[in-house]
Structures are given as C-alpha cells and as structure tokens.
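Below is one structure, written out as structure tokens; the observations come after it.
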Amino acid sequence: MVEEIVVIEGDGIGQEVVPAAIDVLEAIEPEFEFVEADAGDATKAETGAALPDATYELAANADATLFGAAGETAAEVILPLREAVGSFVNVRPAKAYPGVDALRPETDVVFLRENTEGVYSGHEDRLSDDLSTLTRVVTSSASRELAEFACEYVMEGRGPANGPESGFTVAHKANVMRETDGRFREEVLAVAEERGIDADEELMDAFATKLPLDPTQYGTIVCPNLAGDVLSDLAAGLVGGLGLLPSANIGHENALFEPVHGTAPDIAGEGVANPTAAILSAAMLVEYLGHQDEAAAIRSAVESVLADGPRTGDLGGDATTEGVTAAIIERL
Ligand code: NAD
Ligand code: IPM
Ligand code: MN
C-alpha cells in the first residue's frame, strides 16, 4: 500500500522549503502519495478559516503530515494540527554540522518538548481593562507520557551521545511554579526512576546559561512546552541558525513533521531560504514510517552538502533553495 503524506506548505518560505523537501522525497524509494492541503494567513484571507476542517481531517487521518510554516495565524494552525495528530511530544534535535560555522560546534542535543499543555492550553482571559490572565495547565498524565517516551528514546539509543551517561536532563522552573512545574518535575523524575533511567535536573534559567557555555554537558533534554519552544530556538543559535532545525510532533498513531522556523518574512519570496530544516523534517517523517535506511541516506546527503556543497545566505553562501536541494538530491 502506498503511504499517504499530507502536505501543508502554509505561508512565506513554507512555500519554498516544503516543495524542496517533496523533491527529495520523490527522489527516494518507496513512492509516497502526496495530498496537498491549505492552511495559514492566505487561506484565512480567502476562506475565513486559517485551518479549514478539511485540512484538519486530512492530517488527522494521514499516515503522516509535512507542514511548512504559517505567519500571523501560526498558532491557529499549528496548535490544532498538533492536536489533530494526537501529539504528546515535539522532538527537536539541534546538532552542529562539520563545515557549518557554528557558535558551539560541539552541540548535539535533542529537546523532547511537552506538546499539549503548559501555557499552550489556551486558557487566557481579559478580566478587566487592566487585567489579563493565563492559566497554565500541567497534568500528571501528560508529564508521565512525555517521560515514558523520553525513557524509551534514551533506552533505544536514539538520543545524542552527549549528556548524562545513559539518561536525560529535565529542565523546569519548579522553584517558582511549585505546583505546575513541581508536578511536572516530580512525575518525570518518578518515571525515570521506575524505568531505571538516570535523570539530571536543571532550573531552566540556569540551563539557558549552561547550555551555551558547555553544550557537551547535555544530550536529551525533557522540558515543558514553552521552555522547549524558547530553548530550541536558543540551540538553533548555537549551531548556525533556524534554517537547520527539524522537528517531529509524535502521537500514538500519527505524526506531523515541520521545521522549527517560521515564515521568515525578511527573505520570503526570494528563493533563498535554507531547505535543510524542512528536508531533515522529511527525513524524520521517513524514519517514522519505518524506512530507516532511506532516512539515513537523506541525512547523509544533507550532511555532505553542508560540509562542502552550495549553501544559502544564512550559512554565508549565495546558493538558492533550489540549488541546495539539487545538490542534496545528486548526493543521495
Ligand atoms: P522565523 O523563524 O520565521 O525567522 C527568524 C529568522 O530566522 C529570520 O531572520 C529568518 O530569515 C531566519 N530563518 C528562518 N528560517 C530560515 C531558513 N529556512 N533559511 C534561512 N533563514 C531562515 O521567525 P519570526 O521572524 O519570529 O516569525 C515570522 C513569522 O513566522 C511570524 O508570523 C510567526 O508567527 C511565524 N512562525 C510560525 C511558525 C510555524 O508555523 N511553525 C514557527 C515560528 C514562527
Ligand atoms: C514553533 C512555533 C509555535 C510554537 C507557534 C507559532 C505556535 O514558535 O513551532 O516553535 O510556539 O510552538
Ligand atoms: Mn518557536
């Protein structure tokens, strides 16, 4: 049976980097069936809805979905899409590559970001002209589900070689958010203990200093939703920019893959966006569907081009998105 991949380009450079990733997927076996769907600012302007029901349903029922980025409507699009695929973890690797000028070339970390709650649960209220509130949600069940995934992840050796010997680091702010992050911390550490996994912990503010000072202390990092958003962009800064970071939103029976970056309005439409993040997201998709060798082939072609091939402006080169993509396909 041909696997069905839903493709949502979205806005801005989503319309440039997603077609690049599809070109790469079309260059490998097996053959996938691509189903295009709309979402984002332009879709909202046309139809009134940033995320049409039809797109939600397609993502909910596909074998996997590849998403680019949405602009002002990003939260209206990506948060429900993560929910559509039942995703409880957002896997965000940040790795420095030979040949790429990085602030911290020794960086090799993976964030396992809680993906359903925290400040992203949508409970915001305007109570008066002067006062707005946000309810931060933390459940034991979501914290434990994330921790179970993290334990499997490190036990299967999928995490980076860096970091605590066999385990992971949990970053939290339980000294202030005693109830919410206190629960998160307690549950994550309890699951690690039950599973016999070594887990270190860091307060996330101190972690934000220690990571750039010495990234080799860290490998797999488990964190709440907003912390994972901010810290993964910080890590992008250590390895050469947002053009390099892929991500996977994993659910029990479904998943959605997307670059960590947004629509990059400053370069959109010029054909010069770095397709690496989207192509590595496609590699994560291919791996998720069980095609390990093909995923490895995509990664090694990407790494080869990063080492000595054409590069886009964010990495100091003058190649186009299409030029970099063609070089990757050539080296597959
Ligand atoms: P951004 O990630 O779009 O861009 C930040 C900087 O990184 C820019 O200078 C941009 O040029 C650069 N950059 C990002 N991706 C790149 C690539 N592939 N190649 C080369 N350079 C790249 O973040 P922003 O500027 O804060 O946000 C722009 C818009 O994107 C906003 O409307 C925001 O809401 C949206 N956004 C969407 C998503 C999403 O859909 N998942 C994620 C983040 C931001
Ligand atoms: C990301 C983005 C999203 C997030 C926004 C656009 C909702 O910043 O994917 O990192 O905060 O998760
Ligand atoms: Mn983000």
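As the structure lists them, so they are numbered: ligands from 1, and atoms in each ligand from 1. Only this structure's heavy atoms are used, side chains among them; waters, hydrogens and symmetry mates stay out. Computed from a prediction, not measured in an experiment: that's the story for all the values here.
For the pair Arg158 and Glu287, the salt-bridge criterion is not met [side-chain N within less than 4.0 Å of a carboxylate O]. A salt bridge links Glu76 with Lys44: at least one charged nitrogen is closer than 4.0 Å to a carboxylate oxygen. The residues Glu179 and Arg136 are annotated as not salt-bridged, no charged nitrogen and carboxylate oxygen being separated by less than 4.0 angstrom.
Across all non-hydrogen atoms, the minimal contact from Val100 to Gly240 is CG1-CA, 4.5 Å. Scanning both residues, Thr135 and Ser121, for their nearest heavy atoms gives O-OG, 3.6 Å. Residue Asn274 comes nearest to Val17 through the heavy atom pair O-CG1, 3.6 Å, listed as atom of the first residue, atom of the second, then distance. Pairing each heavy atom of Arg183 with each of Ser140, the nearest pair is NH1-OG, 2.8 Å. Scanning both residues, Ala96 and Pro105, for their nearest heavy atoms gives CB-O, 3.3 Å.
Under 3.5 Å, the side chains of Thr169 and Glu202 contain no donor-acceptor pair of N or O atoms. Judged by distance alone, the side chains of His252 and Glu145 do bring a donor and an acceptor atom under 3.5 Å apart.
Residue contacts with ligand 2: Glu258 is placed with no nitrogen or oxygen under 3.5 Å of a nitrogen or oxygen of the ligand (distance criterion only).
Every atom of ligand 2 with a heavy atom of Tyr120 under 4.0 Å away is listed here by number and element: 4 (C), 11 (O), 12 (O). Those atoms of ligand 2 with a heavy atom of Ile78 less than 4.0 angstrom away are 7 (C). Contact atoms of ligand 2 toward Ala74: 6 (C) (distance under 4.0 Å to a heavy atom of the residue). The Arg82 neighbourhood of ligand 2 comprises atoms 1 (C), 4 (C), 9 (O), 12 (O), with distances under 4.0 Å to a heavy atom of that residue.
Close to ligand 2: Arg113, with a non-hydrogen atom less than 4.0 angstrom away. In this structure, Glu76 falls outside the shell of residues with a heavy atom less than 4.0 angstrom from ligand 2.
Of the protein's non-hydrogen atoms, the one nearest atom 8 (O) of ligand 2 is Asp229 OD1, 3.2 Å. Protein heavy atom closest to atom 1 (C) of ligand 2, with residue, atom name and distance, is Arg92 NH2, 3.3 Å.
In this structure, His291 and Phe32 have perpendicular ring planes: the angle between them is above 60°, well past the 30° mark.
Around the Mn ion (ligand 3), protein atoms of type N, O or S found under 2.8 Å number 1.
The salt bridge (charged side-chain N to carboxylate O under 4.0 Å, His left out) analysis of residues 304-322, with sequence neighbours excluded, yields the pairs Asp308-Arg331. Sorted by first then second residue, the ring-ring contact (aromatic ring centres under 6.0 Å, His included) pairs that include residues 303-326, not counting sequence neighbours, number zero.
Near ligand 1, residues Ile13, Phe67, Ala69, Ala70, Gly71, Glu72, Ala74, Leu242, Gly243, Glu258, Val260, His261, Gly262, Thr263, Ala264, Pro265, Asp266, Ile267, Ala273, Asn274, Asp314 come within 4.0 angstrom through at least one heavy atom.
Cation-pi geometry between Arg195 and Phe168 is not met at under 6.0 angstrom from the ring centre and within 45 degrees of the axis.
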